[in-house]
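Shown next, in structure tokens, is the structure this report addresses.
In listed order, ligands and their atoms are each counted from 1.
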Amino acid sequence: MKIVPPPYRIKVVEPLEMTTRAEREAYLEEAGYNPFLLPSKAVYIDLLTDSGTGSMSDNQWAGMMIGDEAYAGSNNFYHLQETIEEIMGFRYVIPTHQGRGAENILFTVMLKEGDIVPNNMHFDTTKAHVQYRKAKALDLVIDEAYDPSSQHPFKGDMNTEKLREVLTRDGDRIPLVMMTVTCNSGGGQPVSMANLREVSEIAKAFGKPLYIDSARFAENAYFIKLREEGYQDKAIAEIVKEMFSYADGATMSGKKDALVNIGGFAAFKDEEMYRKSTVWAVFFEGFPTYGGLAGRDLEAMARGLKEVLDFDYLAYRTGQIKYLADRLLEAGVPIMEPAGGHAVYLDALRFLPDMPREHFPAFALTSALYLEGGIRAVEIGSVLAGRDQETNENVYSSLELVRLTIPRRTYTERHLDAIADAVISLYQNPTRVKGLKFIYEPPVLRHFTARFNYV
Ligand SMILES: *Cc1c(COP(=O)(O)O)cnc(C)c1O
């Protein structure tokens with residue numbers, strides 16, 4: 001397990017407090033055994049998400065000091081716009097408060113009831129925005145994505161045969177094609193350049209625009225460089241440029257690969273799409289040159305977009321995920337393979353083969369992991385899946401996963417070791433993981449506020 005050395009040093013620190021087991025027991029009981037309800041101060045290592053939880057650089061913080069807080073035409077907006085044009089090739093940019101703000105604008109312009117949006121795999125908020133407009137969010141990712149032990153190098157690829165079929169059959173109901181890079185809901189798995197190119201050719205042949213949901217575009221480019229024939233000698237910036245050359249526009253959550261704590265944008269090649277979108281930008285987000293952000297936030301995002309293209313940064317970042325995955329695999333812990341770009345996923349069904357599904361093994365594991373090491377992880381399983389809208393029965397999702405999401409530039413290898421030690425210790429002592437039952441179950445999005453007790 002070779003560790004790439006970190007391409008930065010630490011200049012500012014945030015103290016963390018380690019709690020005792022007795023304190024964690026009290027916190028967990030108070031939180032109804034739901035990690036979402038734990039106060040951050042009770043958590044030692046927070047792996048709930050990589051969204052907006054990373055560290056900014058000194059260069060980004062310096063940029064915050066030159067925020068131009070003009071309502072219209074801020075200097076920082078122009079810097080952001082130039083940066084996006086340079087990196088991604090999109091001339092027209094609308095900043096938004098975060099990624100879902102961009103989705104809201106794009107889908108308001110493009111979607112109507114009965115439409116279909118093909119995507120390799122919709123992220124939750126993207127799917128919710130599509131469904132909110134009574135359109136259908138269609139996931140067309142290749143079958144390997146659903147097999148946690150498949151070693152396919154690009155499990156985020158779209159099944160292009162299925163895409164062609166649906167465009168042939170229902171083309172008149174499809175206003176755009178989307179690709180999510182990396183494929184977040186599929187475990188941070190990358191999309192190959194060849195697939196992106198083919199999807200773009202198909203979309204073009206049917207006269208449909210292609211939009212990239214680009215939250216982790218740089219992590220995706222890194223995997224292309226590493227794994228795809230013909231890209232080894234290309235710079236990350238070149239690969240990114242080629243990826244976006246196949247698209248007509250993009251939505252972006254800056255909280256991921258723009259290395260900021262808040263922000264996002266929508267970007268377009270077409271002026272007409274931009275014009276239509278600005279109307280809704282004003283309505284939902286703010287004047288189109290600030291879009292719900294302060295000038296200083298725009299500056300931090302512009303600088304982050306350049307920093308994220310650094311090969312050494314990406315090698316270290318993805319190396320951290322791989323390091324944690326390898327430590328777990330070495331101890332026989334069942335995880336989703338290969339390791340993706342931003343998280344390691346524990347496969348709770350293989351981790352706890354004897355626990356009945358009704359006891360929510362993946363959720364129970366997040367609870368036990370907190371007790372074990374003060375580590376907050378997130379369930380991607382049946383509590384998240386909710387109930388069937390018609391029968392009101394629990395939906396038992398095909399995979400019960402625990403996501404250990406690694407924030408950017410935040411934790412050291414020692415933290416990763418502490419995580420691995422806690423997980424391995426539970427794997428070797430599975431009786432320490434206790435099944436859970438609901439004592440309060442909200443009717444929608446139950447995972448956020450549900451309360452549990454031990455079975
Ligand atoms: C996070 C994310 C979004 C939504 O972005 P927010 O900034 O959380 O609103 C959309 N798509 C993908 C792939 C994401 O990871």
Side-chain angles (χ1 to χ4, degrees), residues 36 47-54 80 88 93-108 111 117-132 137 139-141 145 155-158 176-191 196 210-221 223 243-244 247 249-267 280-281 284-286 291-293 297-298 300-301 304-305 308 317-318 321 340-343 345 378 380 384 401 403 405-408 445 447-448:
F36 275 108
L47 307 180
L48 198 58
T49 175
D50 66 327
S51 178
T53 52
L80 177 67
M88 302 177 165
V93 173
I94 300 177
T96 57
H97 77 286
Q98 57 187 88
R100 66 200 70 184
E103 294 167 357
N104 193 20
I105 293 171
L106 178 70
F107 293 142
T108 302
L111 288 192
V117 181
N119 197 325
N120 50 349
M121 218 170 177
H122 288 81
F123 177 67
D124 316 9
T125 60
T126 324
K127 181 184 257 170
H129 269 297
V130 170
Q131 292 174 342
Y132 173 68
D139 290 344
L140 297 181
V141 73
K155 284 166 109 172
D157 278 359
M158 187 181 268
L176 79 164
V177 175
M178 282 196 96
M179 282 291 267
T180 306
V181 302
T182 58
C183 188
N184 184 356
S185 308
Q189 300 291 335
V191 175
L196 211 48
L210 173 65
Y211 278 76
I212 297 184
D213 178 349
S214 31
R216 297 179 184 79
F217 71 95
E219 289 167 12
N220 198 90
F223 284 119
M243 282 166 55
F244 287 104
T251 54
M252 174 74 189
S253 169
K255 303 171 73 171
K256 286 50 169 275
D257 274 356
L259 303 175
V260 290
N261 303 115
I262 195 73
F265 58 83
W280 297 105
F284 298 135
E285 299 285 317
L293 295 173
D297 297 328
L298 301 173
M301 191 152 60
L305 284 168
V308 80
R317 157 95 180 132
T318 52
I321 317 295
H342 66 285
Y345 294 72
V378 63
I380 313 277
L384 177 71
L401 301 173
R403 187 179 75 186
T405 339
I406 312 297
R408 293 170 181 76
L445 296 173
H447 55 292
F448 288 128

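- Remark: Lys256 NZ to Gln98 CD distance equals 8.0 Å, nearest 0.5 Å.
- A donor-acceptor contact shorter than 3.5 Å is absent between the side chain of Asp50 and the backbone of Thr405.
- Expressed to the nearest 0.5 Å, how far CG of Asn104 lies from CZ of Phe284 amounts to 4.0 Å.
- For the 3.5 Å distance criterion, the side chains of Thr251 and Glu103 fail to qualify, holding no donor opposite an acceptor.
- Contacts of His447 classified as side chain to side chain contact (heavy atoms under 4.5 Å, CB included), with partners at least two apart in sequence or in another chain: Phe36, Val383, Leu384, Leu445.
- Residues of the protein with a heavy atom under 4.0 Å from ligand 1 are Gln98, Gly99, Arg100, Glu103, Phe123, Thr125, Thr180, Asn184, Asp213, Ala215, Arg216, Ser253, Lys255, Lys256, listed by chain and number.
- His342 and Tyr345 have perpendicular rings, their planes meeting at more than 60° on a 0 to 90° scale where under 30° would count as parallel.
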